[in-house]
Structures are given as structure tokens and as C-alpha cells.
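Read the structure below first, then the notes.
Below, read A as the first sequence line, B as the second, and so on, with proteins coming before strands; counting in each chain starts at 1.
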Number of protein chains: 2
Amino acid sequence: MSVNALSASPATPARDQVLATALRLFTEKGYFNTSVQDVVRESGVSTGSIYHHFKDKEGIAKALYDGLVLRMGSAFEAIVSQYRTPGDRCRAVIEYLFEMTESEPEIMAFMLYAKHREFMPEEAPICSSRPFELMRNMVSDAMDSGELLPLDPLVAATAVFGGALRMINLRLDGILDKPLPTYLDEVWQCAWRSVAA
Amino acid sequence: MSVNALSASPATPARDQVLATALRLFTEKGYFNTSVQDVVRESGVSTGSIYHHFKDKEGIAKALYDGLVLRMGSAFEAIVSQYRTPGDRCRAVIEYLFEMTESEPEIMAFMLYAKHREFMPEEAPICSSRPFELMRNMVSDAMDSGELLPLDPLVAATAVFGGALRMINLRLDGILDKPLPTYLDEVWQCAWRSVAA
DNA sequence: GTCTATATCCAGATAGAC
DNA sequence: GTCTATCTGGATATAGAC
């Protein structure tokens with residue numbers, strides 16, 4: 001992926017370098033164990049330059065987060081355009097998440113694993129973000145069309161996606177040796193069977 | 001619950017005060033946003049006393065964590081003694097987790113939601129801890145006895161417990177207004193249906 | 001065991017030349 | 001826009017009396 005895709009704002013080389021480095025360090029060591037000096041050293045961008053591009057350390061995290069939420073939202077919208085039935089859409093979302101976890105583990109760790117509110121106190125929980133809203137909509141659509149059992153919509157959504165999200169956690173924690181797509185069919189069968197009418 | 005239950009080590013009033021305060025602050029503001037001074041102020045125990053009882057700030061977190069893992073392990077072992085079939089055991093585990101989330105949200109937040117390795121670098125991921133091992137065993141037993149479809153054991157375990165764990169996250173994030181036990185039946189039906197033979 | 005006072009360090013952030 | 005040098009606060013942790 002292009003480093004541009006890390007941010008929602010106009011890209012410059014220095015800015016991109018900082019974002020790419022911060023993403024790596026934030027996921028490797030955690031936000032609080034990463035000092036701005038660490039980012040300076042590993043990105044090759046000076047302190048002054050960093051504070052020229054970002055308001056403060058939190059601003060780096062926010063820029064990363066906003067860019068990635070946007071990117072994931074677009075990906076899910078593309079899935080909605082490409083697939084017609086809610087079931088196909090949900091499956092495609094899980095497939096996308098599994099593939100992203102293998103190809104861009106740092107992004108997935110930062111998006112799904114980090115405790116954003118600890119370092120971005122103003123941020124809404126990620127489950128209220130656009131991509132998660134789209135996921136819940138897919139499940140609600142399926143229920144409205146009668147494909148699913150009549151359940152509390154949130155229960156249905158967690159039933160469909162909860163197992164997959166746990167599998168991603170296990171993979172990022174190094175508990176699963178095989179790549180996630182290996183498990184896609186089984187995971188999907190379980191997920192859908194749990195709610196199918 | 002008794003504050004004693006927060007730690008695996010011999011209890012003293014000061015020690016317990018510190019642990020109870022730390023649990024609250026660590027979950028409210030996060031480990032890194034909590035200074036030892038905060039704990040001093042809110043526990044009423046002095047800096048010197050805290051460092052007499054604990055090696056360092058991380059030592060407070062470790063004592064908390066070890067005590068809580070032990071406690072949850074015992075609870076699950078009690079469930080294993082009390083219920084005979086794997087299905088009943090799994091359901092009882094979810095019920096226990098749901099009830100704990102309502103009665104002791106801080107404990108559940110600290111156990112299931114915190115990123116332990118960020119502040120306790122030597123700690124194994126929580127999914128390798130005893131309670132999680134017991135959960136996986138319940139599912140494997142069910143599969144061996146033919147109650148479940150033949151699946152990868154880890155896929156089956158995440159299918160059974162993944163939805164419930166996501167529901168706990170949603171509840172701790174304030175997304176669900178109703179107490180978790182309200183959803184227990186639906187969640188359990190989905191979970192078991194996803195893997196039942 | 002508990003306390004107060006304090007040492008030490010390093011983080012985040014800024015100043016101001018180029 | 002980028003850099004180096006520097007300020008300042010607050011954090012962890014210790015010393016040593018009681």
C-alpha cells in the first residue's frame with residue numbers, strides 16, 4: 001500500500017515518513033512506550049519538522065486513525081457495491097479483514113487492537129465508526145429480508161462478526177500459526193449458521 | 001467482593017487499598033495515564049508505603065492481574081465441577097462473564113480489555129492463561145464427544161465465545177444500555193448453534 | 001510499615017536560525 | 001519546511017526519619 005493511504009490529509013514525504021514510522025512503533029511497542037524521540041530517530045525526520053506537521057504526539061495518532069478509518073470505510077462501501085446479498089457482503093468483509101491482517105498486520109493491530117481512547121480521549125469508540133456501522137447495517141438488512149432469525153440486531157451483528165474478530169486477535173497475538181484466510185470457510189460457516197433463519 | 005480477592009499475595013489493609021484504587025484508576029484512565037501520585041492521592045496510602053509493598057508501578061499491575069487470573073480460573077474450575085456437559089459448562093462461563101461485567105465492570109475491563117503486554121512486557125497474552133485454556137478445553141471436549149461439528153478447535157472456541165466477548169466489549173464501551181444477562185439466552189443460542197452437530 | 005521530602009531523569013513541546 | 005538546541009514539568013523511584 002502507498003504511505004499516502006495512511007492519512008486523510010495532503011501527503012508530503014516527511015509527513016508520510018512520520019506516519020509510517022509511528023504506525024510501526026505504536027503497534028510494536030504501544031503508543032505510550034513510543035517517545036517522539038523514537039519517531040525522530042526511526043523516521044529520520046527532525047523534532048521541529050514533526051511538530052510543524054502535527055500539533056502534538058496525539059495529533060500523529062489521530063491523523064493515522066482518521067486515515068485508516070476512512071480507508072476501511074471505503075473498502076466496505078466498495079464491498080456493498082460489488083455484492084448484492086447481505087450474506088455475500090458479510091463474508092466479503094471477513095475475507096477483507098483476514099487478508100488485511102496478513103498483508104498489513106500493523107494497520108489491523110492499530111485499528112482493532114489498540115485502546116484508542118487511552119491516547120485519544122475525545123475519540124468515539126471504534127465500534128461507532130463508519131466501517132462498523134456498515135457491518136451492522138449488513139446484518140440488519142439480512143434480518144429485514146428474512147434471511148436471518150429475528151434477533152436483537154446487536155446480538156446478531158456480534159454473532160456474525162465476533163468470531164472473526166477474535167480470530168484476528170489470536171492471529172495478531174501469535175497464537176495462530178496459519179494465515180487467517182486458511183480458516184475463512186470454517187469461520188464463515190460458523191458465523192452464518194449462528195444466525196441464519 | 002472482598003478486596004483480598006484482588007491479589008494472590010497476603011493481604012494487608014494498605015496493600016488492598018492500593019490494589020482497589022489502582023484497579024479503578026487503571027480502568028478509568030488507563031495504566032499510562034495513571035501516575036503513582038494519583039494512586040497515592042486516591043488511596044490515601046503514601047508513596048513510601050506503596051513502594052514498600054510493590055517493587056514498582058508495574059508490580060501493582062502484575063499483582064492485580066495475577067490475582068484476577070487466579071480468581072477467574074477458580075471460578076471456571078468450579079463451573080467444571082458443577083456442570084457435567086460441555087454445553088452447560090460453556091453456557092455457565094458466558095453467564096458468569098456477563099454477570100461479572102455488570103457487578104464488577106472494572107475487573108472485566110482490566111482482564112479482557114486492557115493491553116497487558118504494553119505495561120507488563122513479560123506477560124504472556126491473556127488467551128494463553130489458565131481460564132482461557134479451560135474455555136478451549138470445554139469446546140474440545142464437546143467436539144470429542146460428538147456434540148459439535150468437526151472443526152478446527154480454535155475456530156470452534158472463537159465461534160462459541162467470540163460473540164459473547166464482543167458483547168462484553170460493547171457493554172464496557174457503553175454501546176449497550178441493557179445489562180448483559182438480558183441477552184444471555186439469545187447470545188447462547190447463536191453461539192451454540194454456530195458449532196452444534 | 002508508614003511517612004515526607006527530594007533526587008533524577010526524560011518526556012513532550014518550543015524557540016528561532018537557516 | 002526543516003533543523004538543532006533548549007526549556008519545563010511531571011513522572012518514577014529513593015532516602016531516611018519515625
Side-chain angles (χ1 to χ4, degrees), chain A residues 3-4 6-7 9-26 28-65 114-123, chain B residues 3-4 6-7 9-26 28-65 114-123:
Chain A
V3 277
N4 288 357
L6 285 174
S7 162
S9 294
T12 75
R15 201 186 145 88
D16 286 349
Q17 255 311 108
V18 170
L19 288 173
T21 306
L23 173 63
R24 182 166 56 78
L25 293 176
F26 289 171
E28 264 173 23
K29 325 198 299 172
Y31 176 84
F32 291 102
N33 293 319
T34 301
S35 71
V36 175
Q37 272 313 308
D38 292 336
V39 179
V40 169
R41 192 179 332 105
E42 307 227 356
S43 69
V45 179
S46 69
T47 314
S49 240
I50 290 183
Y51 280 93
H52 173 79
H53 286 287
F54 304 94
K55 178 175 170 291
D56 52 17
K57 185 183 169 188
E58 186 184 331
I60 305 175
K62 266 215 255 282
L64 260 180
Y65 182 75
K115 298 198 63 191
H116 308 107
R117 312 191 68 169
E118 228 172 271
F119 51 90
M120 300 184 297
E122 307 301 308
E123 206 64 42
Chain B
V3 275
N4 289 356
L6 285 175
S7 163
S9 295
T12 76
R15 202 186 145 87
D16 286 349
Q17 255 311 107
V18 170
L19 289 173
T21 306
L23 173 63
R24 182 166 56 79
L25 293 176
F26 288 171
E28 265 174 23
K29 324 197 303 172
Y31 175 86
F32 292 101
N33 293 319
T34 301
S35 71
V36 175
Q37 273 312 308
D38 293 336
V39 179
V40 169
R41 193 180 332 105
E42 307 227 356
S43 70
V45 179
S46 69
T47 315
S49 241
I50 291 182
Y51 280 93
H52 172 78
H53 286 288
F54 304 94
K55 178 176 172 292
D56 52 17
K57 184 183 168 187
E58 187 185 330
I60 304 175
K62 267 215 255 282
L64 259 180
Y65 182 75
K115 296 198 65 190
H116 308 106
R117 311 190 68 169
E118 227 171 271
F119 51 91
M120 301 183 297
E122 307 302 307
E123 206 64 41

Return the set of residues passing side chain to side chain donor-acceptor pair (under 3.5 Å) with A:S35 (not counting sequence neighbours), or none when no residue passes.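 Once residues adjacent in sequence are excluded, the partners of A:S35 under the side chain to side chain donor-acceptor pair (under 3.5 Å) criterion are A:D38.
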Let's see if you get this right: which residues in residues 50-63 of chain B place a heavy atom under 4.0 Å from DNA chain D? B:Y51, B:D56, B:K57
Are side-chain heavy atoms of [X] and [Y] found at a separation under 4.5 Å?
X: B:F54; Y: B:R15; result: yes
X: A:V18; Y: A:V39; result: yes
X: A:K29; Y: A:F26; result: no
X: A:V36; Y: A:I60; result: no
X: B:Y31; Y: B:K115; result: no

Restricting to salt bridge (charged side-chain N to carboxylate O under 4.0 Å, His left out), what partner residues turn up for B:E123, sequence neighbours left out?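 With sequence neighbours excluded, B:E123 shows a salt bridge (charged side-chain N to carboxylate O under 4.0 Å, His left out) to no residue whatsoever.
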Give, ordered by number, those residues of residues 32-44 of chain A having at least one heavy-atom distance below 4.0 Å to an atom of DNA chain C; if nothing qualifies, reply none. A:T34, A:S35, A:V36
Students often mix this up, so state it plainly: with edges at 30° and 60°, are the rings of A:Y65 and A:H116 parallel, tilted or perpendicular?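 Because their plane-to-plane angle lies in the 30° to 60° range, the rings of A:Y65 and A:H116 count as tilted.
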With nearest nucleotide decided by heavy atoms, which residue, A:G48 or B:S46, maps closer to the 5′ end of DNA chain C? B:S46
What is the 5' to 3' range of DNA chain C, first to last nucleotide, that sits under 4.0 Å from any heavy atom of chain B? C:dG1 to C:dT4
Closest non-hydrogen contact found for A:A14 with A:V45 is O-CG2, 4.0 Å
Please list all pairs meeting salt bridge (Lys or Arg N to Asp or Glu O under 4.0 Å) that have one or both residues in residues 42-57 of chain B, counting only residues at least two apart or in different chains. B:R24-B:E42
